[in-house]
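In what follows, a single structure is set out as structure tokens and then discussed.
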Amino acid sequence: MNTPRELDKGYDPAGVEERWYQHWEEEKLFAAEDEDSEKTAYAIVIPPPNVTGMLHMGHALNITLQDILCRYRRLCGDNVLWMPGTDHAGIATQNVVEKKLMAEGTSRHDLGREAFIEKVWEWRQEYGGTIIRQLKRLGASCDWDRERFTMDDGLSMAVRTVFKTLYDEGLIYRGKYLINWCPRCHTAIADIEVAYEEMQGGLYHILYPFADGEGGLVVATTRPETMLGDTGVAVNPDDERYAGLAGRKVRLPLTDRVIPVIADNYVDTSFGTGALKITPAHDPNDFEIGRTHQLDMIKVIDDQGYMTAEAGEQFAGLDRFECRKAVVAALKAEGLLEKQEDYIHSVGTCYRCKTVVEPNLSKQWFVNVKPLAEKAVEVVRNGETKIIPENWTKTYYEWMDNIRDWCVSRQIWWGHQIPAWFCDDCGEVIVAIETPEKCAACDSNNLTQESDVLDTWFSSALWPFSTMGWPDQTPLLKTFYPTSVLVTGFDILFFWVARMLMMGVHFMKDVPFADVYIHALVRDEEGKKMSKSTGNVIDPIDIIEKYGADALRFTLTAFAAQGRDVKLSESRIEGYRHFINKLWNAARFSLMYIDDSNREETFSDACLADKWILSRLAVLRQTVAEAIDTYKFNEAAAALYRFVWHEFCDWYLEAVKPDLYGKNGDDRQQGSRIVLRRVLRDILVMLHPIIPFVTEEIWHVLPGEDTSIMQAAFPRAETGPAMVTPDAGAEAEMELVMGVITGIRNVRGEMNISPSQALSVIVHAGDQETQIRIAANEAMIVNLARLSSFAVETIGEKPKFAATSVVDNVTVYVLLEGVIDFAREKARIEKEMAKLEKDLKGVTGKLNNDDFLNKAPAHVVEKVKESFADLQARREKLQATLDKVMEMA
RNA sequence: GGGCGGGUAGCUCAGUUGGGAGAGCAUCGGCCUUACAAGCCGAGGGUCACAGGUUCAAGCCCUGUUCCGCCCACCA
């Protein structure tokens, strides 16, 4: 027999978590079986965290949910592959290493490209494992032997293959366009990498004088510095104010240029002055207008954000924002600034570094994604991939339908260098998977590779199949592609999920995943996204050290209701740590009474509490399985919490204590021990996906369980023991008994009677059957309500000095001769009466309503009638009691 | 401007074939009852944002209003 010594008094996760994680890894319990496995394949690819990443709450939630799914599926007998890895995170990683170099007094430019990249690899070798170690502390059961990195040889091959294929298909092209340029990251970024923010700015009205006469045109702009690059002014052809002006010329202030007035429907007559200055090199709309009207494109801001020589001697070299002030001052001086007003408008910033993005003319590589997007929309429409919760599909369609070409080239060094070579002699462009030896056009050996690298999301888009060995047709792909589900936050729905769908459908001819589960974002108390730059981060590792990984995991799971963001508070984590401890102590207690002899085949005679808890357990396993199957993690957590604490601990354990103590004979003792063992075992297994560490720790003290809990089977109706079965009769009877006990406890509490004072109780049951059922459970009632004497009869005289509680058709009299406080009892009953009256009023209203009686379904009417009778009976009994109390008082 | 989500107890939030408003934390009262004071037993507390509609019946379905949050959009 086990003794409580084997488990400490309180649960301390500190050593436990590390010990079991190590054990799981050593025993290879996370490893997927190979393609010969008979089991059902279940696969998840991890959203690869940045290799520079530090675990944040978003990861913690994301990983916890995936881990729940994977662990649950393993318990269900599936062959689970959870593919882990990290993302090389081009710009982010380059930034980190550059900072380090700066601290060392050098820079990437000092080192040169090759040496710099060498440094980044070194950095990764040294620090890149941090995030992985942190995922392990959370308990992530990934198949670590298969860990991938987006810059691995295999994945790089996949990247080059995809690039080459798309190029050959005409879906990748290179050209000079206006792109979003981040002057700080010093690279082009894609449209979706621009984050728009409302900013306080000004709207400046500037007079552009006619070149050939009096007067002029007033334009309005938020960016006066860009006027230096203006090559036209546009008005709407239907605008009567400016009728006949098209074709005339204006003099561009602060320069010696004369620019044309053009007519274009794009111009909104109601905005500003109705005259629009055109800067084709620095505004996307102006770029389009400039192209249609063949205006010059003059670049006045350089890649660093400084004014170019083209901006004029006066302004060249100024920072763009300094220049804005200078231009405004100069205009004022010349009397050309007509008006200046405060203006709040949205400004594009780099989503990574928050620097104001500069639209810039530049030669870049683009993917024509429209054809890919169409196919990726189709697979969602026809249900091959299901997005959960469903409301995200609308957002997905919306975005995909309006998708624009994807700028994939980045002017940084760390990343997949674009597999394109330029012939120095003839200018030919060669796109190839392997480095070409000579020019395909002129046989020259003077080839220079494109220096740009690819957008990091280009390689992540291939993740579901590149990690499994593609372009080779590997057994892994055959077994696990398409994957079962992708679990991620909505913030990368477009960045990543949409692109994986596009690439997966295009290259694999099959969706990358059957389900996409979009979970909540973890936010701070103000509902803001947690981010390092905002400084509102709660560090999961701190939380794990303080409360344990299980407490954090359970909290996140309980929070993870679909469609609602998580605002995390530490007090709630503390609350769930209490739950872990509760479980621990319940197990500690149970294990004192469980031994290897408690085999189920010897189980014959169950008491009411046994039948009841087994019935509840049967319902629970159904609830939990269904909840996890449908990604309703919070429902699974809530059901388990309620069962363990409020049914198993509060009622069952208390009810069977006398049995366990051996007070009711050997048979009863053995019976309850068998049930106890079964319930505890099943609880542990069902909880294991959510709280793996503590369940494993307890599992190993369970006699007869010598393998890991990870190798147990999830309790299911079809495979579980027959004793675990729904039993409506037992549940109803138990509820009756619980009602009587609660009634007595209520009196005790309200009348301020000490728990140590045993009470005498007489119960009047409404009918004989009820009487029999209550009498049969007298021992439980006496025990749990702490009674010194108990009697139940169908009819009898109402005791004189008693506090009364009415439940269903049962009246409970707590005898209080000599101690009853009539005033208190009167108040208590009146309170009860008031409640009753309120309920009765509602029910009566329904029953007096013919429409209700005629139209409501029979079972609903029946229920209401029953409840009416019940309420009325209770009222009568209470009234009688109240009358008596009034007499005495 | 468009789209999405939300408004339920003091706080944080659950609550779908529409049919008796819930949990955790906090508060109040009583308990060291031999697993657990990180606990046990009780109690109080809500016009389910507002207005209308559908229905026998609405927190839930429909319409409008309002407030908050997020996403998207080329108004200089």
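Protein chains get the first letters and strands the later ones, always in sequence-line order, with residue 1 at the start of each.
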Check the distance between [N]'s [atom2] and [X]'s [atom1] and give it to me in whole angstrom.
{"X": "A:F852", "N": "B:A57", "atom1": "CZ", "atom2": "P", "value": "11 Å"}
{"X": "A:D405", "N": "B:C74", "atom1": "CG", "atom2": "P", "value": "14 Å"}
{"X": "A:E654", "N": "B:C40", "atom1": "CD", "atom2": "C1'", "value": "8 Å"}

Can [X] and [Y] be counted as having a side-chain donor-acceptor contact under 3.5 angstrom?
{"X": "A:T279", "Y": "A:K277", "value": "yes"}
{"X": "A:D230", "Y": "A:Y208", "value": "yes"}
{"X": "A:N180", "Y": "A:D191", "value": "yes"}

- request: Look at the side chain of A:Y196 against the base of B:C72 and say whether a donor-acceptor pair falls under 3.5 Å; ignore hydrogens and angles.
  value: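 In this structure, the two groups form no donor-acceptor pair.
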- request: Tell whether A:E398 reaches the base of B:A73 with its side chain through a donor-acceptor pair below 3.5 angstrom.
  value: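 It does not, because no donor-acceptor pair links the side chain of A:E398 to the base of B:A73 below 3.5 Å.
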Nucleotide nearest [X] when distance is taken to its side chain, options [options]:
{"X": "A:A856", "options": "B:C74, B:C56, B:A35", "answer": "B:C56"}
{"X": "A:Y641", "options": "B:G39, B:C74, B:G24", "answer": "B:G24"}
{"X": "A:P755", "options": "B:C31, B:A76, B:A35", "answer": "B:C31"}
{"X": "A:D650", "options": "B:A76, B:G19, B:C41", "answer": "B:C41"}

- prompt: Taking only N and O in the side chain of A:R745, is any of them less than 4.0 Å away from OP1 or OP2 of B:G42?
  reply: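 Answer is yes, contact under 4.0 Å.
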task: Check step by step if salt bridge (charged side-chain N to carboxylate O under 4.0 Å, His left out) holds for A:E574 and A:K546.
output: CA-CA 9 Å; A:E574 202 176 338; A:K546 207 161 156 192; over 6 Å; no
State the pairing partner of [N]; accept Watson-Crick or G-U wobble contacts with both distances under 3.5 Å, and report none otherwise.
{"N": "B:C40", "value": "B:G30"}
{"N": "B:G20", "value": "none"}
{"N": "B:C60", "value": "none"}
{"N": "B:U66", "value": "B:G7"}

message: Is it the case that over 12 heavy atoms from other parts of the model lie below 6.0 angstrom from the CZ atom of A:R642?
response: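 Atom CZ in A:R642 is not packed in, count stays at 12 or less.
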query: Checking all strands, does A:N581 fall into the base, sugar-phosphate, or nothing category for heavy-atom contacts under 4.0 angstrom?
result: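 Base: the residue A:N581, judged by heavy atoms under 4.0 Å, touches a nucleobase.
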